[in-house]
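Structure first, then comments.
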Amino acid sequence: MAMPGLIAPTTAAAPLTGRPAGSHLAVTLICKVCQEDPPNLVEEFSSGDTVCGTCGLVLGDRIIDTRSEWRTFSNDEGGDDPSRVGGVRNDLLNGSQLDTIIAGRSGTNGTNLAKMQGKNASVRGERSLMAAYKDIGAMSEAISLPRSIQDIAKHLFKRVDDAKALKGKSQESIIAAAIFLACRQGNVPRTIKEICTLTSVSKKELGKAFKALEQILQESGPVPGTSQDNYVPTKATSAAELMIRFCNKLGLSQKIISACQDLALRAQRAGTLDGRSPISVAAAGIYMVSCIFGDPRTPKQIGDVASVSDSTIRTSYRFLWSDRHNLIDPAWHKGRELDEIVPKPQKS
């Protein structure tokens, strides 16, 4: 049975393709009195009716109001926020996050109530977490870490905070350890020295907090924000991984970056620089390869980027130079004498 005021279209003829005949899907609601096409319809959301704007005939009722449910109240503080809902749930915070927040206004009882609510233990704990997350974000941005690494570090800190597993260690050392571990889990290598420069934590204290955090993760499960089903202990950052970032800061080409990484892998297999830190290996390798490709960088320039002294670079370079014929690919200096393009190390 058709609704009043609804004029249904006629049944369409069967197409030539052999499909059976069927009703047309384009149905238009028009006024049965005015029969204007296109119709002049007005949706009155206050009453829920659809009315003809020409003659006033009601053509439909119980329509759904699809407009936003924003509204403001004259006694609201500020009075310009139309939102009627709270923020989205934050997995980094505890509790249901559906608590009522009392806004204090000067000269009212709301100020005293807001102070009493602030003394609540759960509110204080949430405030402490938010302060830690703010520190993690500031430290991460200082060394240009992506948002994904920041999220992993925040999840790590929350896991430690919930378990109360690192009692006795400073919050700053836990934050530094969480950032350092998040960098390794997210394949964004950073050195311990770089993390230490962000805080007042010593390398020894950071190392202890890092080992304790890894032990907790091995017992509790995978790291949030990663694709691992189980926690996999991290390996020390290799020189080849550091070379990419150092070379980019020095403005070296991709061809030199690839050669530097190849040199680092060859030195690792040969054991030329065993016992040396990855930073000094990376710096010495960049110094040698940049000279071979005719775009040299001085040890001072490389040391400023890698945060290592130029004397350390020269000492590591001495070991590379002594084994140069086994480490350097002949294709890198094709048509040129190796000893003419590779500088001889200075005597100490």
Handout entry: Donor-acceptor side-chain pairing of Q268 and S238 below 3.5 angstrom
Key = no
Practice task
Report the relative orientation of the aromatic rings in F293 and W332; use parallel for angles under 30°, tilted for 30 to 60°, perpendicular for over 60°.
Solution key: tilted
Handout entry: Any side-chain heavy-atom pair of T54 and C31 under 4.5 Å
Key = no
Exercise for the section: Take I174 and L213 through the side chain to side chain contact (heavy atoms under 4.5 Å, CB included) test and state the conclusion after the steps. Expected result: CA-CA 8 Å; I174 298 175; L213 183 56; 6.0 Å; no
Problem - Heavy-atom side-chain proximity of T199 to I175 below 4.5 angstrom - result: no
Practice task
Take L57 and K32, measure what side chain to side chain contact (heavy atoms under 4.5 Å, CB included) needs, and give me the verdict at the end.
Solution key: CA-CA 9 Å; L57 180 66; K32 67 179 181 179; 4.1 Å; yes
Practice task
Answer with yes or no whether the hydrophobic clustering places I257 together with I313; edges join I, L, V, M, F, W, Y residues whose side-chain heavy atoms lie under 4.5 Å apart.
Solution key: no
Practice task
Kindly work out whether a path of hydrophobic side-chain contacts (I/L/V/M/F/W/Y, heavy atoms less than 4.5 Å apart) joins I244 to L242.
Solution key: no
Practice task
Given side chain to side chain contact (heavy atoms under 4.5 Å, CB included), test F157 with D135 step by step and report yes or no.
Solution key: CA-CA 11 Å; F157 181 85; D135 292 340; over 6 Å; no
Handout entry: Value rounded to 0.5 Å, distance of CD1 in I302 from OG in S307
Key = 13.0 Å
Problem - Residue pair L273 / S316: nearest heavy atoms and the distance that separates them - result: CD2-O, 3.6 Å
Practice task
Begin with the C-alpha distance, continue with both residues' side-chain angles, and end with the deciding distance and a verdict on salt bridge (Lys or Arg N to Asp or Glu O under 4.0 Å) for R147 and D151.
Solution key: CA-CA 6 Å; R147 182 56 64 96; D151 292 339; 5.3 Å; no
Handout entry: Salt-bridge criterion met for D262 and R266 (N-O under 4.0 Å)
Key = yes
Exercise for the section: Flag the pair L181 / I152 as yes when at least one side-chain heavy-atom distance between them is below 4.5 Å, and no otherwise. Expected result: no
Problem - E214 with R184: basic N within carboxylate O range, under 4.0 Å - result: no
Practice task
Measure the shortest side-chain to side-chain distance between H333 and E340 over non-hydrogen atoms and say whether it is less than 4.5 angstrom.
Solution key: no
Handout entry: Minimum-distance pair of heavy atoms, taken over all atoms of C260 and G285
Key = SG-O, 4.2 Å
Practice task
Verify the distance criterion only: is there a donor paired with an acceptor across the side chains of E172 and S200 at less than 3.5 Å?
Solution key: yes
Problem - Polar side-chain atom of R245 near backbone of P189 as donor-acceptor pair, under 3.5 Å - result: yes
Practice task
Would you please test V289 and M243 for side chain to side chain contact (heavy atoms under 4.5 Å, CB included) and show each step?
Solution key: CA-CA 11 Å; V289 174; M243 282 176 166; over 6 Å; no
Practice task
Please check if I256 and L265 belong to a single hydrophobic cluster, counting links between Ile, Leu, Val, Met, Phe, Trp and Tyr side chain heavy atoms closer than 4.5 Å.
Solution key: no
Handout entry: Beyond-backbone contact of Y287 with P343, side-chain heavy atoms, under 4.5 angstrom
Key = yes
Handout entry: Within-4.5 Å side-chain heavy-atom neighbours: V342 and C291
Key = no
Completion exercise
Note: A264 and A240 closest approach over all heavy atoms is CB-N, 4.1 Å
Problem - Beyond-backbone contact of R190 with V188, side-chain heavy atoms, under 4.5 angstrom - result: yes
Problem - Within 45° cone and under 6.0 Å: R318 NZ/CZ vs W321 ring - result: no
Exercise for the section: Mark yes or no for whether D49, through its side chain, and V51, through its backbone, hold a donor-acceptor pair below 3.5 Å. Expected result: no
Practice task
Can you measure from NZ (K203) to OG1 (T191) and round to the nearest 0.5 angstrom?
Solution key: 8.5 Å
Practice task
Check whether any side-chain N or O of R297 sits under 3.5 Å from a backbone N or O of S290 as a donor-acceptor pair, and report yes or no.
Solution key: no
Handout entry: Note, C247 side chain near I286 side chain (heavy atom, < 4.5 Å)
Key = yes
Problem - Approximate separation, where rounding is to 0.5 Å, of M139 CE and L198 CG - result: 6.5 Å
Exercise for the section: Verify the neighbour count for atom CZ of F246: are there more than 12 heavy atoms of other residues, nucleotides or ligands below 6.0 Å? Expected result: yes
Problem - Same apolar cluster: I279 and I192, side chain cutoff 4.5 Å - result: no
Practice task
Calculate, to the nearest 0.5 Å, the distance between atoms CG and CZ belonging to L327 and R269 respectively.
Solution key: 10.0 Å
Completion exercise
When every non-hydrogen atom of C55 is compared with those of V33, the smallest separation belongs to SG-CB, 4.4 Å
Exercise for the section: Quick one: closest heavy-atom pair of S170 and E205, and the distance? Expected result: OG-OE2, 3.2 Å
Fill in the blank from the handout: Separation between CG (L41) and OG1 (T50), nearest 0.5 Å, reads 7.0 Å
Problem - Hydrophobic cluster membership, M130 vs L156, 4.5 Å side-chain cutoff - result: yes
Problem - Atom pair CG (L206) and SG (C196), whose distance is rounded to the nearest 0.5 Å - result: 4.5 Å
Handout entry: Non-hydrogen atoms of G137 and Q150 that approach each other most closely
Key = CA-OE1, 3.7 Å
